[in-house]
Engineer: 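Just dropping this structure here.
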Amino acid sequence: MLHHLPSLLALYILTILQVSGALSVPSPVQDAFSPAVSVSLGGVTYVSKGLVGFGRIPSNFTESTGDTLGGIGSAIAIKPGSWKELSNGSFTGTLIVQPDRGFNVETTVDYQARRHELDFVLTPYSDSTPLPFEQAQKTFVLTYKNTVLYFERNNTKTSGLDPSTIRAAMPGVGTNPLADPEMPIASTREPHLSVDAEGLVANVDGTFWTSDEYGPYIYLFSADGHLVQTIQPPAAILPKDKKRNINFTANADPKTGRAANQGFEGLTLDPATSTLYAILQSATIQDGGEDSIYTRLFAYDISSPSTSVPLIGEWVVPLPVSPSGNGKVEATSEIHFVSEGVFLILSRDGNGHGGSGDNIKYKHIDLFSIENATDIHGTDFDSPSTPVAPKGKLSKKIVPATYLSFVDYADTTQLARFGLHNGDPDDNTLLDAKWESLALAPVGDSAPNDFFLFTASDNDFLTTQGVSVGQPYNAGEDVDNQFLVFQVMLPGAAANVKTALELR
Ligand SMILES: *[C@@H]1O[C@H](CO)[C@@H](O)[C@H](O)[C@H]1NC(C)=O
Ligand SMILES: *[C@@H]1O[C@H](CO)[C@@H](O)[C@H](O)[C@H]1NC(C)=O
Ligand SMILES: *[C@@H]1O[C@H](CO)[C@@H](O)[C@H](O)[C@H]1NC(C)=O
Ligand SMILES: *[C@@H]1O[C@H](CO)[C@@H](O)[C@H](O)[C@H]1NC(C)=O
Ligand SMILES: *[C@@H]1O[C@H](CO)[C@@H](O)[C@H](O)[C@H]1NC(C)=O
């Protein structure tokens, strides 16, 4: 039995009280968002105002290399300098999207990591009258533009293959002045860096940070996709075997460190302080693994990346538990910085189109605050032998982050406004299963604390007409790439969002 259940129950009751409190507030007749949901965190009120946009890219769409565009929702970012409000009520911009490791339902493939640019036009729809599915897609129209492939040292292409070997740490030399830690490598026959890309931060100078599941590492790439630098997390997070040796494979859980396929899913930047935050998808093995709610958030100072990127903070974040009563912990797929100490967090089940079942039970963009949480960086907890939560029970020395329910993807009233639904039938109007990305842009002067909250699904490259690394495939089903745009009120976020988007 897990020991955290009573406190979680309390959290849910609190949440229900807050939500029902919001329900009693009468909303104006013209308000499409029926009802808006207000929550209070650290004395600040945040409001979830409903869906304003829906977009879709067909599952068989092919990109410039000839491969299926595929699971682009693993990470998204609005390209700095691209966001624009038009005079006719629409907004335009460029979305940078990053898939993970290609079509890997049967086995991992030699898929070179990459990012794509998609131009978009958002025409927010706030009316309560439901739009038919085809019409709804006109609220967020995406146009594929280009692809940048990723390379590591010596112009070698990266790979999606499971890393069966390790390249020893190397000091910086010549054109690569920065040292590399131990690196996950596909195989001795294929000496390519293995990358399972998940998080993305687009810098204003065109360079970008990518977080990965294998290391789990954080990589800085140049604008043209060449590796500049690698951040290695503390020893407690590295996947280690019984003998305390690193083993990067995602085919089996390690003895300590990140669980297999549960790496740095979330990555976000506080542009004001040049702090990069990364979150583990779920608890490390020594912290209870998939049965534990206690995952960890890390902060790195990236103000002078060419010299050093020190770890400056580390906190425990409690993940939500499924309301279905099966005790399943809802792992996180993304975070997004709101204001100092406050983050949006995408936590979800695997149900929906392309997922394990049709009935979505928990798919949320929630909030958490580390204002009162214990900073454990540089302590014994960074060693694999000192868990923060042995067998899932949190150490008494640690105060975790405060976690609060916020935006619900599976709100049936909101979905119906865009021709979408939850549950049967399992067709392309069923909400996708795997949402993994978040981006923010300002609504404008009329509502300075309101933001469009963009999110995209990872369809796992599921299509009946696919191309993977040049080879045709049929995954047996078609799962489109879906995009949703919510409107949210986030007091305190305006300056940070403007800086990140390079807006005046
Ligand atoms: C942190 O603690 C202070 C003092 O108890 C409280 O006022 C504040 O709301 C707390 N913040 C969060 C995010 O819980
Ligand atoms: C994708 O499928 C649609 C519908 O079957 C078809 O019209 C289109 O040509 C296909 N596109 C590609 C790139 O295969
Ligand atoms: C505004 O103009 C853009 C660019 O011409 C167009 O794509 C968009 O659909 C227009 N929006 C409205 C609401 O007419
Ligand atoms: C890159 O090439 C140089 C020269 O051949 C070699 O010394 C170095 O080890 C290579 N680096 C990597 C990471 O393979
Ligand atoms: C890593 O672990 C996998 C799975 O347990 C095992 O097959 C492999 O031999 C290990 N690799 C090394 C280098 O120990």
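When a ligand or atom number is given, it counts from 1 through the structure's own listing order. FYI, the numbering just counts along the sequence from 1. Small disclaimer: the values here were computed from a predicted structure and weren't measured.
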Engineer: Could you tell me, atom by atom, which parts of ligand 4 come under 4.0 Å of a heavy atom of M170?
Structural biologist: 13 (C)
Engineer: Determine, for E314 against R296, whether the closest basic-nitrogen to carboxylate-oxygen distance falls under 4.0 angstrom.
Structural biologist: yes
Engineer: Just jot down the ligand 4 atoms closer than 4.0 angstrom to any heavy atom of N154, in number order.
Structural biologist: 1 (C), 2 (O), 3 (C), 8 (C), 10 (C), 11 (N), 12 (C), 14 (O)
Engineer: When you measure from the heavy atoms of R167 to every atom of ligand 4, does any distance fall below 4.0 Å?
Structural biologist: yes
Engineer: The test is side-chain hydrogen bond (donor to acceptor under 3.5 Å, both in side chains); show your working for Q112 and T158 and say whether it passes.
Structural biologist: CA-CA 5 Å; Q112 188 173 4; T158 68; 5.2 Å; no
Engineer: Whether D291 and K391 form a salt bridge (side-chain N of Lys/Arg under 4.0 Å from carboxylate O of Asp/Glu) is what I want to check.
Structural biologist: no
Engineer: Treating S292 as the side-chain partner and G289 as the backbone partner, does any N or O pair qualify as donor plus acceptor under 3.5 Å?
Structural biologist: no
Engineer: Report yes if S369 has an N/O atom closer than 3.5 Å to an N/O atom of ligand 1; otherwise report no.
Structural biologist: no
Engineer: Name the residue from F486, Y409, F454 that meets the ring pair (Phe, Tyr, Trp, His ring centres under 6.0 Å) definition with W435.
Structural biologist: Y409
Engineer: Relative to the heavy atoms of R153, which atoms of ligand 4 are at a distance of less than 4.0 Å?
Structural biologist: 13 (C)
Engineer: Within 45° of the six-membered ring axis of Y111 and under 6.0 Å from that ring's centre, is NZ or CZ of R114 located there?
Structural biologist: yes
Engineer: So if I only count non-hydrogen atoms and take anything under 4.0 Å from ligand 5, which residues does that give, chain by chain?
Structural biologist: N247, T249, A252
Engineer: Before accepting this row, confirm whether a basic side-chain N of the pair D196/R101 lies closer than 4.0 Å to the acidic partner's carboxylate O.
Structural biologist: yes
Engineer: Among Y277, F381, F264, W315, which one satisfies ring pair (Phe, Tyr, Trp, His ring centres under 6.0 Å) with F298?
Structural biologist: F264
Engineer: May I ask whether E152 has any heavy atom positioned less than 4.0 angstrom from an atom of ligand 4?
Structural biologist: no
Engineer: Flag the pair E436 and R348 as a salt bridge only when some basic side-chain nitrogen lies within less than 4.0 angstrom of an acidic carboxylate oxygen.
Structural biologist: yes
